[in-house]
Asks: 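Here you go, one structure.
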Amino acid sequence: MNILVTGGAGYIGSHTCIALLEAGHKIIVADNLCNSKAETVDKIKQITNKEVTFYQIDVTDEKALDYVFSNHSIDGVIHFAGLKSVGESVEKPLEYYYNNLVATMVLCKACRNYGVKKFVFSSSATVYGDNRVPFEEAMKLLPTTNPYGETKTMIERILTDIAKVSQDWSVALLRYFNPVGAHESGLIGEAPNGVPNNLMPYITKVAKGELEKLYIFGDDYPTVDGTGVRDYIHVMDIAEGHVAALDKLTSGVHIYNLGTGEGTSVLQLVKTFEEVNNIEIPYEIVERRTGDIAICYADTSKAKKELGWTTKRGIVEMCRDSWAFKTNYKG
Ligand code: NAD
Ligand code: UD1
């Protein structure tokens, strides 16, 4: 299939491009590079030895998107393009609602105009809010604590409403848990600007000596050791989950958790990172971070049953590959 990958130069998008190319699909990447670099597209070509068509466009730009759709016979869309920083979304709600919602609606209009009926969307476990674990797809969603999270809930709703009236549309809403790690080549991975908000990029910066120590947000949660528990998932497993979703997509709206089903605490992750990479990570326990929940992990049975997809990599591989990318990366 010819797949349009919006946000394909970004962290998860670039890994998914590799998985798509390796599965025999052709890809067209549309990205405005607001949080990524054009060289990532070259790395995708280098890793796979395959062609990638790249358009540096903003997905909110109707004319630019129309140009892309008119130039290619697109069979399906995977929509990664969006802003994703929770803290920044609280500071800049208008920018987040505008970018994430308008990009999705403009993309849906182009799909309708050109008869593209397969649509895969990057949602997040954040839509579950503070539910009981494990999170199941059929659960009633609870409010999120920030505009970023709300854009995910709203976009899920928009796509569901569209698919209700456009019954030949096939929509997959993929709820990612905590993507970490990097492609095993060490050529692409996650390289956030400035001080990272997320745990793994923070750990790799401490490991490299770019930050002095890790601040662990709370050790008084009702968890195995008091620190927060998350379902970390290797980004290449997430990438392969998209290929499985595309292959199995049938009409209607289908929601899948992309997680491992295993919870890991902050301290467990730090310890594994230290052991796997033989590096000490100095840390200090500080106050809880506002908006954090204690425990989050997926029920993965639906994705396994319907997509035939399960994760192949564990936290050892996640720690190894995150560090390999960090040591390799000159950015
Ligand atoms: P990322 O920032 O690395 O990638 C997003 C890409 O979209 C970037 O390359 C950026 O330049 C591009 N982009 C943003 N707005 C655009 C626009 N209007 N037009 C064109 N390009 C645009 O982020 P990521 O971690 O790869 O996340 C990809 C998607 O997955 C996002 O929608 C994100 O919200 C979602 N998600 C991410 C996580 C995570 O932990 N990384 C978790 C759950 C969901
Ligand atoms: C965060 C976002 C969530 C988003 C997800 C993936 C918040 C409140 N939530 O989730 O919406 O979908 O990223 O992008 O920002 N931790 C530390 N020290 C750090 C960083 C993190 O102790 O410097 C802890 C956190 O308290 C948490 C765990 O590590 O227990 C994971 O944190 P993080 O990587 O930010 O992911 P989430 O909080 O799950």
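As the structure lists them, so they are numbered: ligands from 1, and atoms in each ligand from 1. Treat the numbers as computed from the prediction; the structure is a model and nothing was measured.
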Asks: Hey, does S123 sit under 4.0 Å from ligand 1 if you only count heavy atoms?
Replies: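 Yes.
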
Asks: Under a 4.0 angstrom heavy-atom cut-off, which atoms of ligand 1 come close to S122?
Replies: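 The atoms of ligand 1 under 4.0 Å from a heavy atom of S122 are 29 (C), 30 (O), 32 (O), 35 (C).
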
Asks: Are side-chain heavy atoms of T300 and T310 found at a separation under 4.5 Å?
Replies: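 Sidechains of T310 and T300: no contact.
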
Asks: Can you check which of N197, T223, I203, N178 brings a heavy atom nearest to atom 10 (O) of ligand 2?
Replies: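 Minimum heavy-atom distance to atom 10 (O) of ligand 2 goes to N178.
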
Asks: Please verify the inter-ring angle class for H15 with H183; under 30° counts as parallel, over 60° as perpendicular, anything in between as tilted.
Replies: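 Ring orientation of H15 relative to H183: tilted.
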
Asks: So do the side chains of L269 and M200 get within less than 4.5 Å of each other, counting heavy atoms only?
Replies: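 Side chain of L269 against side chain of M200, heavy atoms only: contact under 4.5 Å found.
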
Asks: Return the closest protein heavy atom for atom 13 (O) of ligand 2 as residue, atom name and distance.
Replies: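 Sorting protein heavy atoms by distance from atom 13 (O) of ligand 2 puts N198 ND2, 3.0 Å first.
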
Asks: Which of the atoms of ligand 1 are close to C34, meaning less than 4.0 Å from one of its heavy atoms?
Replies: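 So the answer, numbered in order with elements, is 10 (C), 11 (O), 13 (N), 14 (C), 15 (N).
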
Asks: Under 3.5 Å between any N/O of P179 and any N/O of ligand 1: does that happen in this structure?
Replies: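 No; every N/O pair is 3.5 Å or more apart.
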
Asks: Might you confirm whether atom CZ of R112 has over 12 heavy atoms from other residues, nucleotides or ligands at distances under 6.0 Å?
Replies: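 Open.
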
Asks: Compute the minimum heavy-atom distance from S124 to ligand 2 and say whether it is under 4.0 Å.
Replies: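 Judged by the 4.0 Å heavy-atom criterion, S124 does count as contacting ligand 2.
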
Asks: Should the proximity of A125 to ligand 1, defined as any heavy atom under 4.0 Å, be assigned to the side chain, the backbone, both, or neither?
Replies: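 The answer is neither; A125 stays 4.0 Å or more away.
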
Asks: Check step by step if side-chain hydrogen bond (donor to acceptor under 3.5 Å, both in side chains) holds for T260 and D231.
Replies: CA-CA 6 Å; T260 65; D231 186 339; 2.7 Å; yes

Asks: Heavy atoms only: which of Y202, Y176, Y11, Y232 is nearest to atom 28 (C) of ligand 2?
Replies: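 Ranked by closest heavy atom to atom 28 (C) of ligand 2, first place is Y232.
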
Asks: Where is the nearest protein heavy atom to atom 3 (C) of ligand 2: which residue, which atom, and how far?
Replies: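 The closest one turns out to be V86 CG2, 3.9 Å.
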
Asks: Using only heavy-atom distances, determine whether the side chains of E88 and Y148 contain a donor-acceptor pair under 3.5 Å.
Replies: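 Side chains of E88 and Y148: no pair found under 3.5 Å.
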
Asks: I'd like the name of whichever of I12, N198, V106 reaches closest to atom 38 (C) of ligand 1 through any heavy atom.
Replies: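 It is I12 whose heavy atom sits nearest to atom 38 (C) of ligand 1.
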
Asks: Determine, considering heavy atoms only, which of Y148, Y11, F80 sits nearest to atom 36 (N) of ligand 1.
Replies: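 Comparing heavy atoms across Y148, Y11, F80, the nearest one to atom 36 (N) of ligand 1 lies in Y148.
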
Asks: Do any nitrogen or oxygen atoms of E190 come within less than 3.5 Å of a nitrogen or oxygen of ligand 1?
Replies: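 Among all N and O atoms of E190, none is under 3.5 Å from an N or O of ligand 1.
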
Asks: Atom CD of residue position E136 - does it have more than 12 heavy atoms of other residues, nucleotides or ligands inside 6.0 Å?
Replies: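 Yes, because the 6.0 Å sphere around CD of E136 holds more than 12 heavy atoms from other groups.
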
Asks: Backbone or side chain, does any N or O of K84 fall under 3.5 Å from an N or O of ligand 1?
Replies: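 Looking only at distances, the answer is yes, because the N/O contact criterion of under 3.5 Å is met.
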
Asks: Restricting to non-hydrogen atoms, name the atom on V180 and the atom on S322 that form the minimum distance, rounded to 0.1 Å.
Replies: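 The pair with the smallest heavy-atom distance is C-OG, 4.4 Å.
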
Asks: When you measure from atom 32 (O) of ligand 2 to every protein heavy atom, which one gives the shortest distance, and what is it?
Replies: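 Among all protein heavy atoms, the one nearest atom 32 (O) of ligand 2 is R289 NH2, 3.5 Å.
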
Asks: Please state whether the rings of F119 and H79 are parallel, tilted or perpendicular, taking 30° and 60° as the class boundaries.
Replies: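 Rings of F119 and H79: perpendicular, as their planes differ by over 60°.
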
Asks: Could you tell me whether K109 atom NZ has more than 12 heavy atoms of other residues or ligands within 6.0 Å of it?
Replies: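 It does not: K109 NZ has 12 such atoms or fewer within range.
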
Asks: Does ligand 1 have any atom sitting under 4.0 Å from a heavy atom of I57?
Replies: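 Heavy atoms of I57 do come under 4.0 Å of ligand 1.
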
Asks: Measure across T204 and P201 and return the closest heavy-atom pair with its distance rounded to 0.1 Å.
Replies: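 The pair with the smallest heavy-atom distance is OG1-O, 3.0 Å.
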
Asks: Any N/O of G7 closer than 3.5 Å to an N/O of ligand 1?
Replies: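 Min N/O separation from ligand 1 is not below 3.5 Å for G7.
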
Asks: Judging by distance only, is a nitrogen or oxygen of L199 under 3.5 angstrom from one on ligand 2?
Replies: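 In this structure, L199 places an N or O atom under 3.5 Å from an N or O of ligand 2.
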
Asks: Nearest to atom 4 (O) of ligand 1, what protein heavy atom do you find, and at what distance?
Replies: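 Checking every protein heavy atom, the shortest distance to atom 4 (O) of ligand 1 gives G10 CA, 3.5 Å.
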
Asks: Looking only at protein heavy atoms, identify the closest one to atom 13 (N) of ligand 1 and say how far it is in Å.
Replies: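 Residue, atom and distance for the closest contact: N32 OD1, 3.5 Å.
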
Asks: Ring centroids only, cut at 6.0 angstrom: are H242 and Y176 within range, meaning strictly under it?
Replies: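 Here the rings of Y176 and H242 have centres that are less than 6.0 Å from each other.
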
Asks: As a check for students: among S124, A103, G82, G149, identify the option with a heavy atom nearest to atom 43 (C) of ligand 1.
Replies: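 Going through S124, A103, G82, G149 one by one, S124 has the nearest heavy atom to atom 43 (C) of ligand 1.
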
Asks: At what distance is the nearest protein heavy atom to atom 24 (C) of ligand 2, and which residue and atom is it?
Replies: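 The answer is V266 CG2, 3.7 Å.
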
Asks: Are L33 and ligand 1 in contact, using a heavy-atom cut-off of under 4.0 Å?
Replies: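 True for this residue.
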
Asks: Within the 4.0 Å heavy-atom shell around K152, which atoms of ligand 1 are there?
Replies: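 Going through ligand 1 atom by atom, the ones under 4.0 Å from K152 are 31 (C), 32 (O), 33 (C), 34 (O), 35 (C).
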
Asks: Would you please classify the geometry between the Y329 ring and the F325 ring as parallel, tilted or perpendicular, with 30° and 60° separating the classes?
Replies: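 F325 and Y329: tilted rings.
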
Asks: For atom 2 (O) of ligand 1, what is the nearest protein heavy atom, given as residue, atom name and distance?
Replies: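 Looking at atom 2 (O) of ligand 1, the protein heavy atom closest to it is N35 ND2, 2.7 Å.
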
Asks: Would you call the rings of Y67 and Y55 parallel, tilted or perpendicular if under 30° counts as parallel and over 60° as perpendicular?
Replies: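 Judged by the thresholds at 30° and 60°, the geometry between Y67 and Y55 is perpendicular.
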
Asks: Which of the atoms of ligand 1 are close to V59, meaning less than 4.0 Å from one of its heavy atoms?
Replies: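 Within the 4.0 Å cut-off of V59, ligand 1 contributes 17 (C), 18 (N), 19 (N), 20 (C).
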
Asks: Among K84, R230, K152, R288, whose heavy atom sits nearest atom 37 (P) of ligand 2?
Replies: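 Ranked by closest heavy atom to atom 37 (P) of ligand 2, first place is R230.
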
Asks: Mark up the atoms of ligand 1 that fall under 4.0 Å of a heavy atom belonging to D31, in ascending order.
Replies: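 Every atom of ligand 1 under 4.0 Å from some heavy atom of D31: 6 (C), 7 (O), 8 (C), 9 (O), 10 (C), 11 (O), 12 (C), 20 (C), 21 (N).
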
Asks: What's the shortest distance from atom 17 (C) of ligand 2 to any protein heavy atom, and which residue and atom give it?
Replies: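 Result: F217 CD1, 3.4 Å.
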
Asks: Using distance alone, determine whether N99 and ligand 1 share an N or O pair under 3.5 Å.
Replies: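 Indeed, backbone or side chain, N99 has an N or O that close.
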
Asks: Please identify which atoms of ligand 2 are closer than 4.0 Å to at least one heavy atom of T126.
Replies: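 That gives atoms 11 (O) of ligand 2.
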
Asks: Does some side-chain heavy atom of S89 sit less than 4.5 Å from a side-chain heavy atom of L83?
Replies: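 A side-chain contact under 4.5 Å is absent here.
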
Asks: Can you find an N/O atom of A81 closer than 3.5 Å to an N/O atom of ligand 1?
Replies: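 No: no nitrogen or oxygen of A81 is under 3.5 Å from one in ligand 1.
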
Asks: Please work out whether any backbone atom (N, CA, C, O) or any side-chain heavy atom from C-beta onward of N178 is under 4.0 Å from ligand 1, and answer side chain, backbone, both or neither.
Replies: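 Looking at N178 and ligand 1, no heavy atom falls under 4.0 Å.
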
Asks: Output the list of atoms in ligand 2 that are nearer than 4.0 Å to some heavy atom of D292, sorted by atom number.
Replies: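 Atoms satisfying the 4.0 Å criterion: 8 (C), 25 (C), 26 (O), 38 (O).
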
Asks: Would one find more than 12 heavy atoms of other residues, nucleotides or ligands at under 6.0 Å from atom OH of Y114?
Replies: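 Yes, the 6.0 Å shell around OH holds more than 12 heavy atoms from other groups.
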
Asks: One thing to verify: whether R175 and E156 come together as a salt bridge, which I'm taking to mean a side-chain N less than 4.0 angstrom from a carboxylate O.
Replies: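 Counted as a salt bridge, because a side-chain N and a carboxylate O are separated by less than 4.0 Å.
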
Asks: Quick one: nearest non-hydrogen protein atom to atom 18 (N) of ligand 2, plus distance?
Replies: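 Of every protein heavy atom, Y215 O, 2.7 Å lies nearest to atom 18 (N) of ligand 2.
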
Asks: Between N257 (side chain only) and D299 (backbone N and O only), is there a donor and an acceptor less than 3.5 Å apart?
Replies: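 Yes, N257 side chain to D299 backbone: donor-acceptor pair under 3.5 Å.
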
Asks: Could you check K248, K302, E306, K304 and say which one makes a side-chain hydrogen bond (donor to acceptor under 3.5 Å, both in side chains) with Y256?
Replies: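 Between Y256 and the candidates, side-chain hydrogen bond (donor to acceptor under 3.5 Å, both in side chains) is satisfied uniquely by E306.
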
